[in-house]
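Accompanying notes for the structure given below.
Any value given below was found using the heavy atoms of this structure, including those in side chains, with hydrogens, waters and symmetry copies removed. Note that the coordinates shown come from a computational prediction; the quantities given were computed from them, not determined experimentally. For this chain, numbers begin at 1 and follow the sequence in order.
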Amino acid sequence: MVTSRVPSPISNFQHIIIMNRLFFWWLLLLFTAAIAAEDSPITRIAFGSCANQSAPQPIWDAINKFDPQVFIWLGDNIYGDIRRPLKVIGKERNVGPWKNSPRFVPSTEEEMKLRYAKAKANPGYARLQRNAKVIGTWDDHDYGLNDAGKEFDRKVINQRLMLDFLDEPLDSPRRKQAGVYASYTYGPPNRKVKVIVLDTRYHRDPLRSDGSILGDAQWGWLEKELRASRSEITIIGSSVQVISNLSATTGPLFYMESWGRFPKERKRLFKLIADTKRDGVIFISGDVHFGEITRYDCSAGYPLYDVTSSGLVQSVEKVVPRPLRSIVRLLFWYIPSTMRVINDNCKFRSCTYGQQNFGAISIDWNANPVTIRLEIRDVNGLTVLGTNVSLTELQARGANSLKDPTKKGKSQRYCTLEVELPGTTRYRLAVLVYFTIAVLAMALVGLIVGALLTITACVYKCKVD
């Protein structure tokens, strides 16, 4: 005979109590873990720029292996504008002093959405989003047009699309302000890291104007951020280089965007850091399609470093045939740079890296003093440029600690701006190029003259015969 037992109401009630308690402890455990994660110190930060969404992006594997807690986009997160084919002759010429049409044109809103969707769907990037806090700013190609500034008429729409890409909350202040600048603070007391990302596009005056990069509103906001509560380390992200000004040594052959092309703005930035007595400032930047680490010692009372990582996909050596890449590296070495950090941690003698790369910052809070490792890593995650910085080095020691750039000598390294170099040094790349062109032209003329003389002699001999 089979008998059945019907659970009593009391046992059901006890079961409900047990389940409720388990659920409560589970929620408490999740809350505690979230608080611990929020208060845990930041030890690994990765950053990068120039990620063409239409090209392969194997570098995400190396970034995920580095396992950053924070990843910072530094611009050109997608290539949203359209680059038209080179045309030297014809009705629409987009190259040379005779050009009459632009080389780059903006995409439609729908095209921008598709490009962002393609970038976001990349499996490696999707994995990074799941494991790290992803923040960032933009540069010209995701702003919407190559080298564009405040005059660009689609910036409002493209700001919304860029913030959608970063999963910015709908009620975020960034969606209500003019520009995508923002700040974030991570870590517990005495181990705080503040990240400030600037917008160098929305309010930027035309190139060669020496006008404003940030605009009045963003300058006021930045001053408040630098005067705000203390953080041991302050990382300032700029889409274009802050310290390096290679245009001063590559002109008149070609120019690159940087803070150095707006000298009044760069001087104002350095002065603001000094006036606010903000210690521990480190710049990170992108844009130029190669990686380098630079520093400037004569501005804030302590060395200001700028770690340039460019690009995650686009790189200067990528567009050069493999046999000619050694020439590119030789030119990097030949171009004078007064700010570049030269040490034994460089893969190449020039201490630049023209292949795919990302930036990495590692912080050892347990070291005494605290040590910061600044690196450029390649597509395999290997260090190709690097330097160690003690946190005690990044502290102002009063006006007397500022180096005097008017005094020369080994102690004044990293104090001479590129524009202050003697002309023979500053323009040696242009001299080399023009000299090479002249020699080749003379050789060509010599060959033509030699050929004409040979033909004339042959004709004359034939007539005589």
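Contact record, Pro85 with Arg103: C-NE, 4.1 Å, taken as the closest heavy-atom pair. The two atoms that bring Asp210 and Pro263 nearest to each other are OD1-CD, 3.1 Å, heavy atoms only. Closest of all the heavy-atom pairs between Ser239 and Asp139 is OG-OD1, 2.8 Å. Minimum heavy-atom separation, Val242 to Asp306: N-OD2, 2.8 Å. Scanning both residues, Pro303 and Arg295, for their nearest heavy atoms gives CG-NH2, 3.4 Å. The two residues Leu385 and Thr352 have their closest heavy-atom pair at CD2-N, 4.0 Å.
Without hydrogens or angle criteria, His203 side chain to Ala178 main chain gives a donor-acceptor distance under 3.5 Å. Although no hydrogens or angles enter the test, the distance criterion places a donor-acceptor pair under 3.5 Å between the side chain of Thr250 and the main chain of Leu246. The closest donor-acceptor contact from the side chain of Ser315 to the backbone of Gly311 lies at 3.5 Å or more, if one exists at all. For the pair Gln69 (side chain) and Ala46 (backbone), a donor-acceptor distance under 3.5 Å is absent. Between the Gln57 side chain and the Asn52 main chain, a donor and an acceptor come within less than 3.5 Å of each other. Not a single donor-acceptor pair under 3.5 Å links the side chain of Asp205 to the backbone N or O of Gly211. Proximity of a side-chain donor or acceptor of Arg428 to a complementary backbone N or O of Ile335 within less than 3.5 Å is not detected. Put simply, the side chain of Asn345 gets close to the backbone of Gly386: a donor and an acceptor are under 3.5 Å apart. Side-chain atoms of Trp365 come within 3.5 Å of backbone atoms of Ile42 as a donor-acceptor pair (strictly under, hydrogens ignored). Using a distance-only test at 3.5 Å, with no hydrogens or angles considered, a donor-acceptor pair links the side chain of Lys155 to the main chain of Lys150.
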For a side chain to side chain contact (heavy atoms under 4.5 Å, CB included) check, start with the C-alpha distance between Ile372 and Ile233, then their side-chain angles and the critical distance, and finish with the verdict. CA-CA 10 Å; Ile372 306 167; Ile233 299 171; 3.7 Å; yes
Please step through salt bridge (Lys or Arg N to Asp or Glu O under 4.0 Å) for the pair Arg204 and Glu265, ending with a clear verdict. CA-CA 11 Å; Arg204 199 212 68 195; Glu265 287 284 273; over 6 Å; no
In sequence, state the C-alpha distance, the side-chain angles, and the governing distance for Arg266 and Ser258, and then conclude on side-chain hydrogen bond (donor to acceptor under 3.5 Å, both in side chains). CA-CA 9 Å; Arg266 184 166 70 166; Ser258 68; over 6 Å; no
Report the C-alpha distance between Ile196 and Leu226 in whole Å, list the side-chain angles of each, state the deciding distance to 0.1 Å, and finish with yes or no for side chain to side chain contact (heavy atoms under 4.5 Å, CB included). CA-CA 9 Å; Ile196 297 173; Leu226 292 177; 4.0 Å; yes
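Comment: Glu420 does not engage Arg426 in a salt bridge, judged by the lack of any side-chain N to carboxylate O separation of less than 4.0 angstrom. Checked for salt-bridge contact, Arg227 and Glu225 miss the test: no charged N lies under 4.0 Å from a carboxylate O. For Glu418 and Arg340, the salt-bridge test fails: no basic side-chain N is under 4.0 Å from an acidic carboxylate O. With respect to Asp167 and Lys120, a salt bridge is recorded, a charged nitrogen being found less than 4.0 Å from a carboxylate O. Arg160 has no carboxylate O lying under 4.0 Å from a charged side-chain N of Glu168, or vice versa, which leaves the two without a salt bridge. Of the charged side-chain nitrogens involved, none lies within less than 4.0 Å of a carboxylate oxygen, so that Arg115 and Glu111 do not count as a salt-bridged pair.
Using the six-membered ring where Trp is involved, Phe66 and Phe358 have ring planes that are tilted, between 30° and 60° apart. The aromatic rings of Tyr79 and His141 lie parallel to each other, with less than 30° between the two planes, well short of the 60° mark. The aromatic rings of Trp73 and Phe71 sit perpendicular to each other, their planes meeting at more than 60°, with 30° as the lower class boundary.
Note that CG of Asn357 and CD1 of Ile59 are 6.0 Å apart. Values are rounded to the nearest 0.5 Å. Note: Ile363 CD1 to Leu391 CG = 9.0 Å, rounded to the nearest 0.5 Å. Interatomic distance, Glu393 CD to Asp279 CG, rounded to the nearest 0.5 Å: 13.0 Å. The CG atom of Asp67 sits 9.5 Å away from atom CG of Leu128, with the distance rounded to the nearest 0.5 Å. Atoms OG1 and CG, on Thr383 and Asp378 in that order, are 8.0 Å from each other to the nearest 0.5 Å. Annotation: the span from Leu324 atom CG to Leu330 atom CG amounts to 12.0 Å, rounded to 0.5 Å.
Within the cation-pi definition used here (under 6.0 Å to the ring centroid, within 45° of the axis), Arg208 qualifies as a partner of Tyr255. Annotation: cation-pi geometry satisfied between Arg268 and Trp219 (NZ/CZ under 6.0 angstrom from ring centroid, within 45° of ring axis).
By the neighbour-count criterion of 12 heavy atoms within 6.0 Å, atom NZ of Lys192 is densely surrounded, having more than that number from other residues, nucleotides or ligands. Residue-environment remark: CZ (Phe435) stays at or below the threshold of 12 foreign heavy atoms within 6.0 Å. Residue-environment remark: NZ (Lys318) exceeds the threshold of 12 foreign heavy atoms within 6.0 Å. Counted within 6.0 Å of CZ on Arg84, heavy atoms from surrounding residues, nucleotides or ligands total more than 12; the atom is thus considered enclosed.
Between Phe290 and Tyr353, the ring centre distance reaches or exceeds 6.0 Å. Taking the six-membered ring for Trp and the full ring otherwise, Phe165 and Tyr116 have centroids separated by under 6.0 Å.
In this model, a donor atom of one side chain and an acceptor atom of the other lie less than 3.5 Å apart for Asn77 and Asp142. A donor atom on one side chain and an acceptor atom on the other are found under 3.5 Å apart for Ser231 and Arg278. Side-chain contact check for Gln241 and Glu292: at least one donor-acceptor pair (N or O, by modelled atom type) lies under 3.5 Å. Trp221 and Gln218 share no donor-acceptor pair across their side chains, judged by distance under 3.5 Å alone.
Under the salt bridge (Lys or Arg N to Asp or Glu O under 4.0 Å) criterion, Arg83 pairs with no residue at all, not counting sequence neighbours. Taking Arg329 as the reference, Glu317 meet the salt bridge (Lys or Arg N to Asp or Glu O under 4.0 Å) condition, with sequence neighbours excluded. Every residue was checked against the salt bridge (Lys or Arg N to Asp or Glu O under 4.0 Å) condition with Asp364, not counting sequence neighbours, and none meets it.
Put simply, the side chain of Glu257 reaches to within 4.5 Å of the side chain of Asp287, judged on heavy atoms. Between Val180 and Val197 there is no side-chain heavy-atom pair separated by less than 4.5 Å. Ile282 places none of its side-chain heavy atoms less than 4.5 Å from the side chain of Ile236.
None of Phe152, Tyr143, Tyr181 except one satisfies the ring pair (Phe, Tyr, Trp, His ring centres under 6.0 Å) rule with Trp138; the exception is Tyr143. With Ser244 as reference, Thr294 is the one residue of Thr308, Thr294, Thr338 to meet the side-chain contact (heavy atoms from CB on, under 4.5 Å) rule. Paired with Tyr296 under the rule ring pair (Phe, Tyr, Trp, His ring centres under 6.0 Å), one option of Trp259, Tyr302, Phe270 passes, and it is Phe270.
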